[in-house]
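Have a look at the structure below, then the notes.
Small disclaimer: the values here were computed from a predicted structure and weren't measured. All ligand and atom numbering here is 1-based and tracks the order in the structure.
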Amino acid sequence: MHTASDGWFETARFGLFVHFGLYSLAARHEWVRSREAMSQASYDRYLERFDPDLFDARELARAARRAGMRYAVLTAKHHDGFCLFGSSLTDYTSVRAAGRDLVAEFTEAMRAEGLRVGLYYSLLDWHHPGFPVDEHHPLRDSPGRRETADLADYRAYMRGQIRELLTGYGEIDLLFFDFTYPGMGPEQWGAKELMETVRELRPGILVNDRLGIPGDYVTPEQYQPDRPLERDGEPARWEACHTLNGSWGYDRDNHDYKDPAQLVRMLVQSVSCGGNMILNVGPTGRGSLDRRAHGILRDLGEWSAEHSRAVHGAGPSSFLPPANALYTQAGRRLYLHLLAWPPRHVHLPGLAGRVRHAQLLHDGSEIAFQQVDGARHEHNNLAPPGQPPGTLTLTLPTSRPDVLLPVVELFLDDEELST
Ligand code: GLC
């Protein structure tokens, strides 16, 4: 694993993914051109209408920050080949189409809000003549399909664009390449050379694994790991990428939304397994977040405001949580995330004698506890029946606090630092 990162990624834990492009105007998934096998001329209707008048990067940055996100990644180029930056290598850009360098606006706004900045770059490119007309290509069934792609030309194009992105927009903290599939892999991408260019320009950058060669982190997609991930027997740095409704690009008629409480549970599960979560929004054709996305970010922000320290700078714990709960830990503070609200008592194995103080995290209200001390078990009439020695039992309020995911903060004794 490349280790140049100063640990910002692990501290940040929660990121915003932004998929925006010409497909946002179609409003029916970012693969619309491929799914509907559209010709370039037909897809050009979005280019002609492209006018992101409501794309406000500062507003987006504020929404992300408030939601508890600490980094953000924008699609500099997606599979359709359309670039959200001013590239000297193509006219197929937001600068040509609308006079807007959205990568510039985005990177500046995110940094101003204190967020780390990442860029997504599609390895597929259905606009570039050098890219082969393969099974994903919109022209796959067209009679006049191109047989003779010039991949060397396309490779040079990618290297050139990556150079533009990594030299023209200040410090870029992360690169998300997408993606490798049968027939198109490291050899076709010139992955090794591309990676060398990236490392040379930005030694501290984190690069994902989708070039088909090992990168700095792995990217389970719309899949939630429930244990730490490994690669070749070594712990892997990872980030689960998730959508709000199954689509990355704006998808107007798709109402299959995850609810905010579920999203918080996914975030906490990621942190409890040593990973990150990046949550996607697909701005509308005019570039703003729709009400659903807005509402979800706002709800996440409400939880985040009161629970940030159970996530940011926190990681997995070596203690074993009880059923229906997850632990995250930051130094001497152990966070018990209660996925289901227990009837008054929750029993924590192995924590007797190790906790100084317990409180609900959202309001700092003290939580009483009793401990079954192994030696005095039978004489201690405060000890809850049926619990093995070493158990710490918390007494919770009867009614569940009105937060998306209730968390108890446990202050461990100093000695626990060494465990
Ligand atoms: C997939 C999809 C792509 C999306 C990406 C995000 O690779 O092809 O549309 O951008 O996942 O991880």
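Donor-acceptor pairing under 3.5 Å is recorded for the side chains of His78 and Tyr120. In this model, no donor atom of one side chain and acceptor atom of the other lie less than 3.5 Å apart for Tyr23 and Glu30.
Near ligand 1, His19, Glu30, Trp31, His78, His79, Tyr120, Phe176, Asp178, Phe179, Arg210, Glu221, Cys241, Trp248 each place a heavy atom less than 4.0 angstrom from the ligand.
If you look at His255 and Tyr257, their ring centroids are not closer than 6.0 Å. Centroid-to-centroid, the aromatic rings of Phe55 and Phe20 come within less than 6.0 Å.
Evaluation of the side-chain contact (heavy atoms from CB on, under 4.5 Å) rule for Ala12 yields Trp8, Arg70, Tyr71 as partners, not counting sequence neighbours.
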Practice task
Decide yes or no on ring-ring contact (aromatic ring centres under 6.0 Å, His included) for His79 and Phe179, but give the supporting numbers first.
Solution key: CA-CA 9 Å; His79 307 336; Phe179 63 91; 5.6 Å; yes
